[in-house]
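Source: prediction; values computed, not measured.
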Amino acid sequence: GAGVSQSPSNKVTEKGKDVELRCDPISGHTALYWYRQSLGQGLEFLIYFQGNSAPDKSGLPSDRFSAERTGGSVSTLTIQRTQQEDSAVYLCASSVDRGAQYFGAGTRLSVL
Amino acid sequence: KQEVTQIPAALSVPEGENLVLNCSFTDSAIYNLQWFRQDPGKGLTSLLLIQSSQREQTSGRLNASLDKSSGRSTLYIAASQPGDSATYLCAMEYGNKLVFGAGTILRVKS
């Protein structure tokens with residue numbers, strides 16, 4: 001596709017369950033980013049990938065959060081043992097090296 | 001700590017008015033500055049990107065400026081239209097991440 005694609009668009013889960021969020025970046029974009037948008041905290045950086053490597057994981061809030069990227073393309077953000085405070089919109093972006101970042105529509109996660 | 005502040009938090013104007021949205025930042029060591037719009041329940045749409053060596057960028061009715069020495073950026077919207085109603089976010093690129101302001105909610109009344 002032409003833009004950044006994220007799935008699912010909505011996810012409802014029970015507290016304590018694990019969830020996986022997927023991001024398919026724009027073809028040819030070497031850099032990929034995950035952000036989180038919540039009511040109380042605004043938009044926050046989580047992790048940055050250059051190719052399949054993650055040189056900056058400084059925004060991951062706890063060790064329950066992890067992410068990987070394969071083939072220099074698709075990325076998966078995994079949240080283990082979800083908590084209610086994990087409820088937020090998770091946004092993925094991609095860019096060509098240090099150029100403009102282009103965002104997907106996001107995954108709205110609700111933890112009950 | 002790198003902080004980005006946007007003023008005003010909300011703005012309501014009649015159609016056709018020219019308007020300015022303000023963004024200030026505490027750390028001038030930015031790589032790029034990007035302005036986005038976000039429609040309710042949607043992702044972010046990139047409007048303009050200004051590299052740190054540049055002073056301004058223009059796209060259609062939008063003009064964004066950057067003054068690193070004063071730690072400020074402005075987004076100027078000419079001849080506003082109801083379709084411009086959205087939340088506008090400025091973001092500074094530090095290292096490998098964007099640091100966002102809280103946004104300005106714009107409503108253009110017809």
(request) Scan side-chain atoms only and decide if A:Gln37 and B:Gln38 contain a donor-acceptor pair under the 3.5 Å cut-off. (result) yes
(message) Given 3.5 Å as the limit, does a donor-acceptor pair link the side chain of B:Gln34 with the main chain of A:Ala100, or not?
(response) no
(request) May I ask you to name which of B:Asn32, B:Asn96, B:Leu49 has the most heavy-atom pairs under 4.5 Å with chain A? (result) B:Asn96
(message) For B:Ile105, I'd like to know if atom CD1 has over 12 heavy atoms of other residues, nucleotides or ligands within 6.0 Å.
(response) no
(message) Heavy-atom count check: over 12 atoms from other residues, nucleotides or ligands less than 6.0 Å from B:Arg72 CZ?
(response) no
(message) How close do B:Leu44 and A:Phe103 get, counting heavy atoms only, and between which atoms?
(response) O-CB, 3.6 Å
(message) Please determine whether residues A:Leu32 and B:Phe36 belong to a single hydrophobic cluster, defined as Ile, Leu, Val, Met, Phe, Trp and Tyr linked transitively by side-chain heavy-atom distances below 4.5 Å.
(response) no
(message) Hydrophobic clusters here meaning ILVMFWY residues chained together by side-chain heavy-atom distances under 4.5 Å, can you tell me if B:Leu11 and B:Val108 are in one?
(response) yes
(request) Among A:Gly42, A:Pro55, A:Ala105, single out the residue with the greatest number of heavy-atom pairs under 4.5 Å to chain B. (result) A:Ala105
(message) At a 4.5 Å cut-off on heavy atoms, which part of B:Glu93 comes close to chain A: side chain, backbone, both, or neither?
(response) side chain
(request) Sort B:Lys97 into side chain, backbone, both or neither according to what part of it lies under 4.5 angstrom from a heavy atom of chain A. (result) both
(message) Between A:Leu43 and chain B, with a heavy-atom cut-off of 4.5 Å, which part of the residue counts as in contact: side chain, backbone, both or neither?
(response) both
(request) Determine whether A:Phe65 and A:Val111 fall in the same hydrophobic cluster, where Ile, Leu, Val, Met, Phe, Trp and Tyr are linked whenever their side-chain heavy atoms lie under 4.5 Å apart. (result) yes
(message) Is there a continuous path of hydrophobic side-chain contacts, each under 4.5 Å between heavy atoms, that joins B:Ile50 to B:Tyr76?
(response) no
(request) Please name the residue in the list A:Phe45, A:Tyr35, A:Tyr48 that meets the side chain to side chain contact (heavy atoms under 4.5 Å, CB included) test with B:Leu98. (result) A:Tyr35
(message) Would you say that more than 12 heavy atoms from the other residues, nucleotides or ligands in this model lie under 6.0 Å from the CG of A:Leu39, or not?
(response) no
(message) What part of B:Leu89 gets within 4.5 angstrom of chain A, counting heavy atoms only: side chain, backbone, both, or neither?
(response) side chain
